[in-house]
Amino acid sequence: MAEGDSLVRIARRLEPVMSGRQIHSASAPNPRSSLRAHVRRLEGRRVERIETRGKHLLIHLDEGLSLHSHLGMNGTWRVDDGRGFGKPERSAWLLLGMGRVRADEVTKGASGTVRVAQFGGTTLRLVRTAELARDRRLARLGPDILAPDFDLGAAATRLRSSPEEVGVALLDQSVVCGIGNIFKSEACFEAKIDPWRPAASLAAAEAEVDEATGLLEIARHQMSKAVETGRRPGRIYKKGGRPCPRCRRAKVRSRGQGDDNRATYWCPHCQI
């Protein structure tokens, strides 16, 4: 599933070719697209700003409209700057032709009309912007770990208040939003915290070591670095059966965790 760092990178890619520009053409080539009946309403609209909330992408338009996108496991947004999308256009859920863009505003691009498209995903809908405040999925989101105003202390309190195991709580978007399966395992490993411990057992702020704050601080640092570099940590994720890269005294284990049975990777020796 696209994690918070991926969404921020997508937003940064879309920003220079969409924000402040008018949508010249709009189509929904894929017959399964949820926008097929309404896609023409996008033509002539101007993109005002692009926002991320955890794993949700919001493209705000003029006249009080917004596109709400969630990419799920395999969805993606792509920009065609003259060399194609790298995917068949007929499979796009949404295909937008934007106004003319200067060459210096598109990475390795040429001047001219640029197209953007969403392929796959679990959500793609056109709504009144005012309705987003009443959307239950968005309303239940916890603080965004990559937001500039992220309150680390408040988020740590929410994490400790979860009745779940640490690994499950980190994926609970109502606790903190943006963390996905990769950073769940990588942050727990870096913090030397067993992802199977109850989240309530993480030491509180008055303890000598505030484990919840430290864990979230590590996750935020890892994700922020991934936003800037495009590279995620890979010390333990999908390394099941290999020697632990830190202690070398045990092999990395993996097992499904939580109701969704998402794979968790951890070292049984140095994560306690």
Side-chain angles (χ1 to χ4, degrees), residues 1-132 135-138 178 180 227 230:
M1 179 177 289
E3 304 192 24
D5 63 310
S6 297
L7 267 293
V8 173
R9 287 177 62 81
I10 287 170
R12 289 186 179 184
R13 178 74 169 127
L14 296 178
E15 188 78 33
V17 299
M18 294 188 75
S19 288
R21 290 183 166 80
Q22 190 177 56
I23 299 171
H24 285 190
S25 62
S27 62
N30 193 318
R32 297 176 56 216
S33 173
S34 56
L35 281 184
R36 284 180 72 85
H38 309 288
V39 70
R40 295 297 181 188
R41 293 177 61 191
L42 293 170
E43 293 183 348
R45 300 282 64 76
R46 185 173 298 276
V47 177
E48 294 186 338
R49 63 188 178 94
I50 299 174
E51 175 189 3
T52 60
R53 298 186 195 176
K55 302 177 183 181
H56 297 259
L57 180 72
L58 304 173
I59 300 175
H60 299 294
L61 312 172
D62 61 5
E63 298 193 4
L65 295 174
S66 291
L67 279 168
H68 175 199
S69 168
H70 191 290
L71 298 177
M73 293 294 294
N74 300 308
T76 184
W77 279 86
R78 297 196 177 189
V79 176
D80 173 20
D81 52 19
R83 295 169 293 180
F85 291 112
K87 282 179 170 285
E89 291 184 14
R90 64 180 180 276
S91 67
W93 282 38
L94 178 63
L95 180 57
L96 301 176
M98 306 305 300
R100 293 183 66 83
V101 182
R102 298 194 311 271
D104 62 350
E105 294 178 310
V106 185
T107 304
K108 298 181 181 179
S111 60
T113 299
V114 173
R115 302 182 304 162
V116 300
Q118 177 176 324
F119 294 88
T122 59
T123 300
L124 180 60
R125 62 191 187 117
L126 179 65
V127 297
R128 302 295 303 180
T129 304
E131 293 178 19
L132 294 175
D135 184 276
R136 286 186 291 181
R137 287 174 298 175
L138 297 175
V227 169

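Just so it is clear, the model here is predicted, and its values are computed rather than measured.
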Next on the checklist: If you apply the rule side chain to side chain contact (heavy atoms under 4.5 Å, CB included), what do you find for Arg137 with His70, and how did you get there?
Outcome noted: CA-CA 11 Å; Arg137 287 174 298 175; His70 191 290; 5.6 Å; no
Next on the checklist: Test side chain to side chain contact (heavy atoms under 4.5 Å, CB included) on Arg13 and Val116; report intermediate values, then the result.
Outcome noted: CA-CA 10 Å; Arg13 178 74 169 127; Val116 300; over 6 Å; no
Item to check | Arg125 and Asp135: CA distance, side-chain angles, deciding distance, salt bridge (Lys or Arg N to Asp or Glu O under 4.0 Å) verdict | outcome: CA-CA 12 Å; Arg125 62 191 187 117; Asp135 184 276; 2.4 Å; yes
Item to check | Worked verdict on Asp62 versus Glu48 for side chain to side chain contact (heavy atoms under 4.5 Å, CB included) | outcome: CA-CA 6 Å; Asp62 61 5; Glu48 294 186 338; 3.6 Å; yes
Item to check | Step-by-step side chain to side chain contact (heavy atoms under 4.5 Å, CB included) determination, Phe119 to Leu95 | outcome: CA-CA 9 Å; Phe119 294 88; Leu95 180 57; over 6 Å; no
Next on the checklist: Apply salt bridge (Lys or Arg N to Asp or Glu O under 4.0 Å) to residues Arg128 and Glu131 and explain how you reach the verdict.
Outcome noted: CA-CA 5 Å; Arg128 302 295 303 180; Glu131 293 178 19; 5.8 Å; no
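Salt bridge Lys87/Asp80: absent, no basic N to carboxylate O contact under 4.0 Å. With respect to the salt-bridge test (charged N to carboxylate O, under 4.0 angstrom), the residues Arg12 and Glu15 do not qualify. By the 4.0 Å N-to-carboxylate-O rule, Glu89 lies close enough to Arg115 to be salt-bridged with it.
Although no hydrogens or angles enter the test, the distance criterion places a donor-acceptor pair under 3.5 Å between the side chain of Ser91 and the main chain of Pro88. At least one donor-acceptor pair under 3.5 Å links the side chain of Arg78 to the backbone N or O of Phe85. Of the possible polar contacts, none joining the Gln22 side chain to the Arg46 backbone as a donor-acceptor pair under 3.5 Å is found. The backbone N or O of Leu65 lies less than 3.5 Å from a partner atom in the side chain of Thr129, making a donor-acceptor pair. Of the possible donor and acceptor atoms, one in the side chain of Arg21 sits under 3.5 Å from a partner among the backbone N and O of Pro16.
Here the CG-CD1 distance, from Leu14 to Ile59, works out to 6.0 Å after rounding to the nearest 0.5 Å. Distance check: Ile23 CD1 to Leu96 CG gives 5.0 Å after rounding to the nearest 0.5 Å. The distance from the OG atom of Ser27 to the CG atom of Leu35 is 10.5 Å, given to the nearest 0.5 Å.
The side-chain heavy atoms of Ile10 and Thr52, taken from C-beta on, include no pair separated by under 4.5 Å. Side chains of Leu124 and Leu94 form a contact here, defined as non-hydrogen atoms less than 4.5 Å apart. His68 has its side chain within reach of His56: a pair of non-hydrogen atoms, C-beta onward, lies under 4.5 Å apart. Residues Gln118 and Leu57 fail the side-chain proximity criterion, which asks for heavy atoms closer than 4.5 Å.
In summary, the side chains of His60 and Glu51 do present a donor paired with an acceptor at a separation below 3.5 Å, with no hydrogens or angles considered. Ser34 and Trp93 form no side-chain donor-acceptor contact under 3.5 Å, judged by distance and modelled atom types alone.
Partner of Ser66 under the side chain to side chain contact (heavy atoms under 4.5 Å, CB included) criterion, out of Leu132, Leu61, Leu58: Leu132 alone.
Annotation: side chain to side chain donor-acceptor pair (under 3.5 Å) contacts of Thr76 (sequence neighbours excluded): none. Glu63 meets the side chain to side chain donor-acceptor pair (under 3.5 Å) test with Arg45; sequence neighbours excluded.
Heavy-atom minimum distance, Pro29 versus Ala92: CD-O, 3.3 Å.
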